[in-house]
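Notes for the one structure printed next.
All heavy atoms count here, side chains included; hydrogens, waters and symmetry mates do not. Chain naming here is simple, since letters A, B, ... match the order of the sequence lines and numbering starts at 1 in each.
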2 protein chains.
Amino acid sequence: MRKRCRRGQQPAADPMASIASNLSRLVEPVVLYLLATDQAHYGYQFLEAVQDFALTDAEIDSAVIYRTLRALEADGLVVSDWAPGAGGPAKRVYKLTPAGLTHLKLWAQVLDQRGRALVYFAQLCAEL
Amino acid sequence: MRKRCRRGQQPAADPMASIASNLSRLVEPVVLYLLATDQAHYGYQFLEAVQDFALTDAEIDSAVIYRTLRALEADGLVVSDWAPGAGGPAKRVYKLTPAGLTHLKLWAQVLDQRGRALVYFAQLCAEL
DNA sequence: AAGTGCTATATGTACTCTACATATAGGAGA
DNA sequence: TCTCCTATATGTAGAGTACATATAGCACTT
């Protein structure tokens with residue numbers, strides 16, 4: 001059988017997880033939200049905070065976090081500064097810009113709409 | 001500004017649409033559902049049926065439909081047969097297999113879960 | 001001094017999904 | 001013949017991601 005699972009690791013053990021792995025990770029909106037609520041301010045911290053966040057149950061890759069943050073900065077949705085490491089290496093600390101907050105609000109509207117559509121679709125399927 | 005929009009066409013005119021375009025199209029479950037409910041049986045028909053279906057408001061590309069159907073067949077979730085064209089070229093007609101129906105039910109569970117998470121997340125953002 | 005482990009950022013590579021473009025072909029009607 | 005609608009298919013490129021790897025600071029142990 002062809003590999004249906006973009007993200008490997010599951011040896012077809014859990015079909016639910018295998019399907020869920022095909023959904024977008026939505027790292028961008030979660031990162032923006034965590035910044036907006038002061039729950040995380042630099043890459044390594046997001047790595048832990050995002051896992052707790054239930055938008056996806058898959059483990060988020062650190063590479064994705066770091067690249068997402070850089071992309072957000074390139075778009076002016078966040079800004080960064082280096083902070084000396086407190087008992088460890090230096091951190092690149094991020095702050096949300098006004099544009100970033102606006103962007104998060106847009107994400108919220110889109111995700112609400114999409115979420116309702118998904119629930120509705122699931123209900124249609126359940127009636128089969 | 002970097003191109004945030006994987007699917008082009010919007011000239012930054014509608015930021016909502018631009019964000020929504022970053023969401024997965026979820027063509028696979030919709031195709032399975034349309035097959036299960038006898039709403040479509042071949043590629044060109046899915047092309048129209050999928051547009052009406054509100055899981056995504058973006059226009060679905062025909063290439064995606066055809067490749068999705070072939071992939072589903074490679075996995076044994078659907079089977080196909082050629083049917084002579086009624087006033088037009090021949091059609092490759094698809095049927096859902098039992099495995100395909102099972103797969104759709106799994107999709108439904110995953111999407112219900114994900115949908116609720118999205119709505120919840122949107123609500124958290126709205127409280128900002 | 002060297003080794004281990006945690007913190008922290010970053011890049012290289014490969015794969016999937018998708019957008020957009022293009023190719024092919026049958027049939028109907030002008 | 002030309003054009004249009006129906007119908008399937010492939011080529012290519014970009015985005016998002018998984019997995020692997022490289023780097024370095026600091027603390028603690030041996």
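The phosphate of D:dA7 has OP1 or OP2 within less than 4.0 Å of a side-chain N or O from B:Y42. One finds no side-chain N or O of A:Y66 lying less than 4.0 angstrom from the OP1 or OP2 phosphate oxygen of C:dA10. For D:dA18, the OP1/OP2 oxygens have a side-chain nitrogen or oxygen of A:R25 closer than 4.0 Å.
The separation between A:H41 atom NE2 and C:dT7 atom C1' is 18 Å, rounded to whole Å. Across the protein-nucleic acid pair, A:F46 atom CZ and C:dA10 atom C1' stand 16 Å apart, rounded to whole Å. The separation between A:D61 atom CG and D:dA20 atom C1' is 9 Å, rounded to whole Å. Atom CZ of A:R67 and atom C1' of D:dA22 are 13 Å apart (whole Å). Between the CG atom of B:L47 and the P atom of D:dA9 there is a distance of 14 Å, rounded to whole Å. What separates OH of A:Y94 from C1' of C:dT9 is a distance of 9 Å, to the nearest Å. With rounding to whole Å, A:I65 atom CD1 is found 10 Å from D:dT17 atom P. A:L72 has its CG atom 14 Å from the P atom of D:dA15, to the nearest Å.
Judged by closest nucleotide on DNA chain C, A:P89 is the one of A:P89 and B:G88 placed further toward the 5' end. When each of A:A90 and A:S62 is assigned the nucleotide of DNA chain D bearing its nearest heavy atom, the one mapping closer to the 5' terminus is A:S62.
Among the nucleotides C:dT18, D:dA20, C:dT7, the one closest to any side-chain atom of A:A63 is D:dA20. The side chain of A:V64 lies closest to D:dT17, out of D:dT17, D:dA9, D:dA7. The nucleotide whose nearest atom lies closest to any side-chain atom of B:K91 is, among C:dT9, D:dT8, D:dT17, D:dT8. In the set C:dA8, D:dT17, D:dA9, the nucleotide with an atom closest to the side chain of A:S24 is D:dT17.
For A:R70 against D:dG16, a side-chain-to-base donor-acceptor contact under 3.5 Å is absent.
We find the CD1-CZ distance between B:I65 and B:R70 to be 14.0 Å, quoted to the nearest 0.5 Å. In this structure, the separation between CZ on A:R25 and CG on A:D61 is 10.0 Å, given to the nearest 0.5 Å.
Note on B:G85: nothing from the nucleic acid sits closer than 4.0 angstrom, heavy atoms only.
Both B:L77 and B:L101 are assigned to one and the same hydrophobic cluster, defined by single-linkage of ILVMFWY side chains at heavy-atom distances under 4.5 Å.
Within the 4.5 Å cutoff, no side-chain heavy atoms of A:Y42 are placed close to those of A:Y66.
The only option from A:K95, A:R92, A:H41 that meets the side chain to side chain donor-acceptor pair (under 3.5 Å) definition with A:S80 turns out to be A:R92.
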